[in-house]
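Structure record follows, encoded as C-alpha cells.
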Amino acid sequence: MTTRRISLLSLLIALSVVGRMAFQFVPNIQPMTAIILITSILIGPVNGMIVAVLGCFLSNLLLGMGTWTIWQMLAWGILALISGLLGKYVKSNRLIIFTPISVLAGYLFGFVVSLNMFVLTDHGFAYYLAGLPFDTAHAIGNGIFFLLLYPVMRKTFEYYLKKKDYGVTMQ
C-alpha cells in the first residue's frame, strides 16, 4: 500500500466521519453509506471496506460505541463488497443503476444491524419492525446522497487518479 493510497483513503474516511457527524441530528440520514458505495464502485471493494470499517469505528468513537458497532462494520463491509463487485461489471449508466441499489442498501444495512438483537434477545423481529421507518429514512437519504455525491466523486477520482500514481486505479 502506497503512501498516496493511504492518504486518499484517509481523506475518504475523514469525509465519511465528518458527513456522519454533520447529519447526526437527523435520524439515520448520513452520507456515509453513499461514500462507501461510491468508493467501492469507483476504486474497488477492498478500498470501500477500509473506508467502511475505519469510518464506522472513528465515527462511533464520537457518537458512541456499543454492540451495534461490530454489526455496523459488518453491514457497511458487506455493502462495500457487493457494490465493489458490481462496479467491476457495470461500466455504463452507473448513476441510473446504482441509485436504486443505494436505496436498497439502506434496508440491507438496517437488517444486518438488527441481527444484533436477534442474537442478544428473543425480540429481534419486533426490534427490526420498529426500525423500518428509520431504515426507510436511511434508504431515502442514501438515494439522495448517492445522486449528489456520485458525479462529484467520479470526476474527482478521474482527475486525481489519472494525474498521480495513488496505487489505485478506477474500475
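Numbering of residues begins at 1 and proceeds along the displayed sequence.
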Inset, instruction - Output the distance between atom CD1 (Ile13) and atom OG1 (Thr39), rounded to the nearest 0.5 Å. - result: 9.5 Å

Legend entry - Smallest separation among heavy atoms of Lys88 and Pro45, with atom names: CE-CD, 4.1 Å

Legend entry - Min side-chain heavy-atom separation Leu12-Asn47 under 4.5 Å: no

Legend entry - Stepwise side chain to side chain contact (heavy atoms under 4.5 Å, CB included) test for Cys56 and Met32: CA-CA 9 Å; Cys56 178; Met32 188 160 171; 4.1 Å; yes

Inset, instruction - Check whether any side-chain heavy atom of Phe134 lies under 4.5 Å from a side-chain heavy atom of His138, and answer yes or no. - result: no

Inset, instruction - Look up atom CG in Leu62 and atom CD in Gln24, then write down how far apart they are to the nearest 0.5 Å. - result: 8.5 Å

Inset, instruction - Indicate yes or no: at least one non-hydrogen side-chain atom of Ile36 is less than 4.5 angstrom from one of Thr33. - result: no

Inset, instruction - Just grab all the ring-ring contact (aromatic ring centres under 6.0 Å, His included) pairs involving residues 30-51, residues at least two apart or on different chains. - result: none

Inset, instruction - Decide side chain to side chain contact (heavy atoms under 4.5 Å, CB included) for Ile38 and Phe146; before the verdict, give the C-alpha distance in whole Å, the side-chain angles of both, and the deciding distance to 0.1 Å. - result: CA-CA 8 Å; Ile38 294 166; Phe146 192 87; 3.5 Å; yes

Inset, instruction - For residues Val51 and Ser16, report the shortest heavy-atom separation together with the two atoms involved. - result: CG1-OG, 4.3 Å

Legend entry - Spacing of OG belonging to Ser102 relative to CG belonging to Leu147, to within rounding of 0.5 Å: 7.0 Å

Inset, instruction - Measure up the Phe118 and Phe111 rings against each other and bin them: parallel (under 30°), tilted (30 to 60°), perpendicular (over 60°). - result: tilted

Inset, instruction - Answer whether the closest heavy-atom distance between the side chains of Val119 and Thr67 falls below 4.5 Å. - result: no

Legend entry - Qualifying ring-ring contact (aromatic ring centres under 6.0 Å, His included) pairs, either residue in residues 18-75, two or more places apart: Phe23-Phe145

Inset, instruction - Kindly indicate whether the side chain of Trp76, heavy atoms from C-beta on, has any atom under 4.5 Å from the side chain of Val112. - result: no

Legend entry - Pairwise distance CG(Asn116) to CD1(Ile70) - rounded to 0.5 angstrom: 10.0 Å

Inset, instruction - For the pair Val46 and Leu81, evaluate side chain to side chain contact (heavy atoms under 4.5 Å, CB included) and give the outcome as yes or no after the intermediate values. - result: CA-CA 7 Å; Val46 172; Leu81 182 64; over 6 Å; no

Legend entry - No-hydrogen, no-angle side-chain donor-acceptor test under 3.5 Å, Thr69 and Asn60: yes

Inset, instruction - Report yes if the side chains of Leu58 and Leu61 come closer than 4.5 Å at any heavy-atom pair, otherwise no. - result: yes

Inset, instruction - Could you tell me whether the side chain of Ser40 and the main chain of Ala80 form a donor-acceptor pair under 3.5 Å? - result: yes

Inset, instruction - Output every pair passing salt bridge (charged side-chain N to carboxylate O under 4.0 Å, His left out) with a member in residues 140-156, not counting sequence neighbours, ordered by first then second residue. - result: Arg154-Glu158

Legend entry - Side-chain heavy atoms of Ile101 within contact of Ile97, under 4.5 Å: yes

Inset, instruction - Supply the atom-to-atom distance Asp122 CG to Met117 CE, rounded to the nearest 0.5 angstrom. - result: 12.0 Å

Legend entry - Within one Ile-Leu-Val-Met-Phe-Trp-Tyr cluster: Phe125 and Leu132, side-chain cutoff 4.5 Å: yes

Inset, instruction - Measure the shortest side-chain to side-chain distance between Gln72 and Phe109 over non-hydrogen atoms and say whether it is less than 4.5 angstrom. - result: yes

Inset, instruction - Start with the C-alpha gap between Val103 and Asn142, add the side-chain angles, then the distance that decides, and say whether side chain to side chain contact (heavy atoms under 4.5 Å, CB included) holds. - result: CA-CA 6 Å; Val103 171; Asn142 286 349; 5.5 Å; no

Inset, instruction - Can you measure from CG (Leu9) to CE (Met49) and round to the nearest 0.5 angstrom? - result: 13.0 Å

Legend entry - Single-linkage hydrophobic cluster, 4.5 Å side-chain cutoff, Tyr89 and Leu104 together: no

Inset, instruction - Could you tell me whether Tyr150 and Phe98 have their ring centroids closer than 6.0 angstrom? - result: no

